[in-house]
*Asks:* 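Below: one structure in structure tokens.
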Amino acid sequence: MTSLTFVAVLALALAGWAVRLWVLAQRAEHLVVLRLDRGTFLLARQPEGRYLLINPFRAPAALVRFEVLLTRERWHAFRAALARPPRWSRTAAHLH
């Protein structure tokens with residue numbers, strides 16, 4: 001694979017990741033796009049829950065913050081699942 005192909009594949013992967021995050025952030029209302037007569041404005045949710053008007057050049061930072069939030073939620077869900085006893089043991093206890 002040539003270096004140009006590698007760069008192109010890397011750029012496409014990064015673009016796909018960014019588009020996926022953009023859609024997820026809008027669905028979770030972490031990033032809100034306002035289209036008004038005077039222009040388009042981006043609002044990003046802050047950790048305390050308030051929205052802040054952001055510069056479009058800061059949108060990638062808001063998306064990274066959202067990805068960190070998603071990763072943290074997944075980690076807590078994984079830890080909670082490990083803390084619970086497995087379902088098959090409760091089911092097996094009723095069978096015997």
Side-chain angles (χ1 to χ4, degrees):
M1 179 180 343
T2 65
S3 62
L4 184 60
T5 306
F6 176 75
V7 170
V9 168
L10 186 64
L12 283 174
L14 220 61
W17 172 77
V19 167
R20 176 188 147 270
L21 263 183
W22 183 270
V23 170
L24 287 175
Q26 283 191 353
R27 284 183 183 169
E29 294 180 353
H30 186 80
L31 190 66
V32 179
V33 179
L34 291 177
R35 289 184 175 85
L36 302 174
D37 293 339
R38 293 183 167 230
T40 302
F41 302 95
L42 294 175
L43 298 173
R45 184 181 296 164
Q46 299 304 302
E48 64 271 3
R50 296 181 297 152
Y51 285 98
L52 179 69
L53 184 66
I54 63 168
N55 187 339
F57 293 115
R58 294 193 59 199
L63 291 177
V64 168
R65 192 168 56 241
F66 179 66
E67 179 68 28
V68 168
L69 179 75
L70 282 180
T71 304
R72 189 178 303 139
E73 287 176 0
R74 287 184 201 123
W75 174 251
H76 288 301
F78 177 70
R79 294 285 308 259
L82 287 179
R84 288 190 305 264
R87 284 183 168 230
W88 59 266
S89 66
R90 288 184 287 192
T91 305
H94 293 296
L95 294 176
H96 293 276

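The figures here come from the full heavy-atom set of this structure, side chains too, leaving out hydrogens, waters and symmetry mates. Residues: numbered from 1 along the sequence shown. Since we're looking at a predicted model, the values are computed, not measured.
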*Asks:* Which heavy atom of R45 sits nearest a heavy atom of E29, and at what distance?
*Replies:* NH2-O, 3.0 Å
*Asks:* Indicate yes or no: at least one non-hydrogen side-chain atom of V32 is less than 4.5 angstrom from one of Y51.
*Replies:* yes
*Asks:* What is the minimum heavy-atom distance between L42 and A59, and which atoms define it?
*Replies:* CD1-CB, 4.0 Å
*Asks:* Just to verify, what does F57 make a side-chain contact (heavy atoms from CB on, under 4.5 Å) with, not counting sequence neighbours?
*Replies:* N55
*Asks:* Using the rule that Ile, Leu, Val, Met, Phe, Trp and Tyr join whenever any side-chain heavy atoms are under 4.5 Å apart, tell me whether W75 and L82 fall into a single cluster.
*Replies:* yes
*Asks:* State yes or no: do I54 and F41 share one hydrophobic cluster built from I, L, V, M, F, W and Y residues joined by side-chain heavy-atom distances below 4.5 Å, directly or via other members?
*Replies:* no
*Asks:* Please determine whether residues V23 and F66 belong to a single hydrophobic cluster, defined as Ile, Leu, Val, Met, Phe, Trp and Tyr linked transitively by side-chain heavy-atom distances below 4.5 Å.
*Replies:* no
*Asks:* Side-chain heavy atoms nearer than 4.5 Å, only ILVMFWY residues, links allowed to pass through others: does that put L43 and L21 together?
*Replies:* no
*Asks:* Do other residues, nucleotides or ligands put more than 12 heavy atoms under 6.0 Å from R79 CZ?
*Replies:* no
*Asks:* Decide yes or no on side-chain contact (heavy atoms from CB on, under 4.5 Å) for V33 and W22, but give the supporting numbers first.
*Replies:* CA-CA 11 Å; V33 179; W22 183 270; 3.8 Å; yes
*Asks:* Going by the salt bridge (Lys or Arg N to Asp or Glu O under 4.0 Å) test, which pairs reach into residues 4-24, not counting sequence neighbours?
*Replies:* R20-E67
*Asks:* Measure across L63 and A25 and return the closest heavy-atom pair with its distance rounded to 0.1 Å.
*Replies:* CD2-CB, 3.9 Å
*Asks:* OG1/T5 to CG/L10 distance, rounded to the nearest 0.5 angstrom?
*Replies:* 12.0 Å
*Asks:* Quick check on the hydrophobic clustering: are L34 and L31 connected, directly or via other members, by side-chain heavy-atom contacts under 4.5 Å?
*Replies:* no
*Asks:* Could you tell me the separation between the CD atom of E48 and the CD atom of Q46, rounded to the nearest 0.5 Å?
*Replies:* 5.5 Å
*Asks:* Measure across H30 and A62 and return the closest heavy-atom pair with its distance rounded to 0.1 Å.
*Replies:* NE2-O, 3.8 Å
